[in-house]
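Working notes for the structure below.
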Amino acid sequence: MNHAPSSLLEPPTQTWLADHEHEQHPAEPIQLSHLHTRPVQPVAVAAWHAFLWLVIGNAIGVMLALLLLVPSLNAVLGEWTYGRWMMVHVNILLYGWCSFPMLGWLFRIYGADRGPTAPWCRPVLWTWSVALFIGSLTWLAGHSSGKLFLDWSGYARVAFPAAMLVLWLLLAASLVLAWNSARNKPWSAHAIKIIGLAILFAVPFAIYIACGPGLYPAINPATGGPTGESQLESSLGVVAILLIVPFGVASRSPGRNWPLAVSAIVFAAESLLCLSMSRGDISHHLPSQYLSLGSLLAWLPLVPAYYATFQWHDKTRAWRTALLWWWGFLVVSGWAMFLPGVLDHFKFTDGLVGHSLVAVAGFLTALLAVVLVQLLGDDGWILTRRWSFHVWNWSVLAYVIIMLIAGWIEGNDPAFINAPGLTRNILYSLRLVTGVLMLISSAEWLIAASALLGASGTTPSRNSREVTV
């Protein structure tokens, strides 16, 4: 079995799971006799926080789907109605589920998950969760900056950047304390980690400034949404994450350098293209806008080739396959939906909701699952059980198709979602069912992560049935 150590990191800690060659049925409960005491990995704690916020976000999503199906239920919630819960829903999935696995990734890169700084990882994770809880209270109280995904306002606008600075202090301390360790011996390791700390130090201040009322991005005057330039800029940020993540968790396969070189050239060219474009309020009807965004199609073959140059843990195979499929779906659908005529039809409809699910529930979830399984090693069984893997991915796909159908109908008839009818009710009922299935899958991951941690640092000494693709 390949544990795939990274050249920038210590070899991964040895697995504490015994009998890993024996399969058990995924529904079989974890027996206390199969548990034995060992130190809890900070990465596993980060995974637990991630799953907790995923479950909460999915539960809120189910409630929102029910409110859309039966709007009269809003009256039961008093002031905490659909609009306020929606802010909580999208933000805790972004800053909770999508963030904690990357905190675990940073712990591993900077060595915070071992040595004298390891006990401080839990307080840092809880600080992040508390800041997110504070933000949720402000959103439910009706306070927001009015900017999607940058809704931090009031004291929450200070609390969350402060939590990010606490994380930065832990990473900086980890680097200083392990300055002369084997994993930091190459000069390149020092340089990369110092540059990383410089970038991470700027992020909290950037978020605080971006949440202010005096700063707002360019607007597409034809839709009220983002321009092609801003879409390309944010997409290149996602591509950068895709390119960087493997270096933190996996080692390179020998003799396969061309995908890295080509990816670097394409990324540099697209970055220059992005910098050369106007940052004003420009319509997507201009060829420069949709053609420049189409340059992202070059990543359809590049990302699979790029990821094939790294050595991955065996248990990441299913999620890596899902990642590549969702990535292809995201790139193609994202460009197609930005084209003139298509975006004009889908703007302000459920079709864009479906596209957001491709990005977050499909692509990002698969990427985060790969990261967590790679970091946890054999403990990654919590994410590789067959039932939850398939139910999650097929439910997300069904949700996306339902929303695209609803969005197309809504584009022809804007009153479609407001006036109860047979077609609307069927589509929204199916939407609710898929949401419930995603909630159940995420709950299974949370239960498994809780069993992994245990009440006193115990973990299961077995694997459940693995997914094979």
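Sequential numbering from 1 along the given sequence is applied to the chain's residues.
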Can you give each donor-acceptor pair under 3.5 Å made by side-chain atoms of residues 345-353, sequence neighbours left out, with the distance rounded to 0.1 Å?
residue	atom	partner	partner atom	Å
His345	NE2	Trp408	O	2.9
Lys347	NZ	Ala222	O	3.0
Thr349	OG1	Phe346	O	2.5
Thr349	OG1	Gly351	N	3.1
Asp350	OD2	Tyr428	OH	2.6

Legend entry - Trp168 vs Tyr110, ring-ring contact (aromatic ring centres under 6.0 Å, His included): CA-CA, chis, key distance, verdict: CA-CA 11 Å; Trp168 186 89; Tyr110 284 90; 9.6 Å; no
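- Residue pairs that meet the side-chain hydrogen bond (donor to acceptor under 3.5 Å, both in side chains) test with at least one member in residues 217-231, sequence neighbours left out, are Asn220-Thr223, Asn220-His284, Thr227-Ser230, Glu229-Arg279.
- Counting heavy atoms from C-beta outward, Val90 and Met86 have side chains that approach closer than 4.5 Å.
- Side-chain atoms of Ser441 come within 3.5 Å of backbone N or O of Leu437 as a donor-acceptor pair.
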Legend entry - Criterion side chain to side chain contact (heavy atoms under 4.5 Å, CB included) on Trp325 and Leu397, from CA distance to verdict: CA-CA 11 Å; Trp325 278 105; Leu397 180 60; over 6 Å; no
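- A donor-acceptor pair is defined here as one N or O able to donate and one able to accept, closer than 3.5 Å; no such pair exists between the side chain of Asp413 and the backbone of Glu410.
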Legend entry - Candidate pair Phe338 and Val342, rule side chain to side chain contact (heavy atoms under 4.5 Å, CB included), full reasoning: CA-CA 7 Å; Phe338 190 78; Val342 181; over 6 Å; no
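- Listed here is the closest heavy atom pair of Pro254 and Gln311: CD-NE2, 3.8 Å.
- The line from CD1 of Ile426 to CD1 of Ile402 is 11.0 Å long, rounded to the nearest 0.5 Å.
- For Val371, the side-chain contact (heavy atoms from CB on, under 4.5 Å) partners at least two apart in sequence or on another chain are Trp105, Val245, Leu375.
- No side-chain heavy atom of Ser395 sits under 4.5 Å from any side-chain heavy atom of Val436.
- Side-chain N or O atoms of Asn74 include one that pairs as donor or acceptor with a backbone N or O of Tyr82 at under 3.5 Å.
- Note that OG1 of Thr127 and CG of Leu170 are 10.0 Å apart. Values are rounded to the nearest 0.5 Å.
- A tilted orientation is assigned to the rings of Phe310 and Tyr306, their planes being inclined by 30° to 60°.
- Shown here for Ala298 and Val266, the closest heavy-atom pair between the two residues is CB-CG1, 4.4 Å.
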Legend entry - Residues Trp327, Trp299; criterion ring-ring contact (aromatic ring centres under 6.0 Å, His included); working and verdict: CA-CA 9 Å; Trp327 170 248; Trp299 294 103; 7.6 Å; no
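- For Tyr399 and Trp394, the gap between ring centers reaches or exceeds 6.0 Å.
- Here the closest heavy-atom approach between residue Ser263 and residue Leu243 is recorded as CB-CD2, 4.3 Å.
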Inset, instruction - List the steps and the verdict of side chain to side chain contact (heavy atoms under 4.5 Å, CB included) for Trp126 and His49. - result: CA-CA 8 Å; Trp126 277 109; His49 280 265; 3.5 Å; yes
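- Taking the six-membered ring for Trp, Phe100 and Trp48 have ring centres at least 6.0 Å apart.
- Under 3.5 Å, the side chains of Ser99 and Trp128 contain no donor-acceptor pair of N or O atoms.
- For Trp139 and Trp152, the gap between ring centers is short of 6.0 Å.
- Looking at heavy atoms from C-beta onward, Trp312 lies out of side-chain contact with Val373 at the 4.5 angstrom threshold.
- Annotation: side chain of Phe247 is in contact with side chain of Leu260 (closest heavy-atom distance under 4.5 Å).
- Between Trp80 and Trp85, the angle of the ring planes goes over 60°, which puts this pair in the perpendicular group of the 30/60° scheme.
- Side-chain contact between Cys211 and Lys147 is absent, with no heavy atoms from C-beta onward closer than 4.5 Å.
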Quiz: residues 52-69 side-chain donor-acceptor pairs under 3.5 angstrom, not counting sequence neighbours:
residue	atom	partner	partner atom	Å
Trp53	NE1	Ser129	OG	3.0
Asn58	ND2	Leu54	O	3.3
Asn58	ND2	Ser442	OG	3.0

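- Within 6.0 Å of the CZ atom in Phe267, the count of heavy atoms belonging to other residues, nucleotides or ligands exceeds 12.
- Scored by the side-chain contact (heavy atoms from CB on, under 4.5 Å) test, Pro304 finds Leu324 as partners (sequence neighbours excluded).
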Only distances under 3.5 Å count here; give the side-chain donor-acceptor pairs of residues 153-165 to other protein atoms, sequence neighbours excluded, each with its distance to 0.1 Å.
residue	atom	partner	partner atom	Å
Ser153	OG	Ser144	N	3.4
Arg157	NE	Tyr208	O	2.9
Arg157	NH2	Tyr208	O	2.7

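- Using a 4.5 Å heavy-atom cutoff, the side chains of Ile382 and Asp379 are not in contact.
- Atom CG of residue Asn91 and atom CG of residue Asp151 lie 4.5 Å apart, to the nearest 0.5 angstrom.
- Inspection of the Asn393 and Trp326 side chains reveals an N or O donor paired with an N or O acceptor under 3.5 Å.
- Thr384 places a side-chain heavy atom less than 4.5 Å from the side chain of Trp381.
- Inspection of the Trp387 and Glu444 side chains reveals no N or O donor paired with an N or O acceptor under 3.5 Å.
- Checked against Gln374 for a side chain to side chain contact (heavy atoms under 4.5 Å, CB included), the options His313, Lys315, Arg108 give a single hit: His313.
- Closest approach of Val370 to Thr316, counting heavy atoms only: O-CG2, 4.0 Å.
- Note that the CG atom of Leu273 and the OG atom of Ser292 stand 5.5 Å from one another [nearest 0.5 Å].
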Inset, instruction - For His355 and Leu330, run side chain to side chain contact (heavy atoms under 4.5 Å, CB included): C-alpha distance rounded to whole Å, both residues' side-chain angles, the deciding distance at 0.1 Å, then the answer. - result: CA-CA 8 Å; His355 180 67; Leu330 177 65; 3.7 Å; yes
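- The closest side-chain donor-acceptor pair between Arg252 and Asn257 falls under 3.5 angstrom.
- Distance check, rounded to the nearest 0.5 Å: CD of Glu270 to CG of Leu293 gives 9.5 Å.
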Legend entry - Steps toward side-chain hydrogen bond (donor to acceptor under 3.5 Å, both in side chains) verdict (Thr365, Trp97): CA-CA 8 Å; Thr365 292; Trp97 162 235; 3.1 Å; yes
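- With values rounded to the nearest 0.5 angstrom, Leu297 atom CG is found 11.5 Å from Leu302 atom CG.
- With hydrogens and angles disregarded, no donor-acceptor distance shorter than 3.5 Å links the side chain of Trp392 to the backbone of Ile440.
- In terms of heavy-atom proximity, Ala218 sits nearest to Gly280 at CB-O, 3.3 Å.
- Side-chain contact between Val360 and Cys98: present, with at least one pair of heavy atoms (C-beta onward) separated by less than 4.5 Å.
- Side-chain N/O atoms of Arg320 and Tyr307 include no donor and acceptor closer than 3.5 Å.
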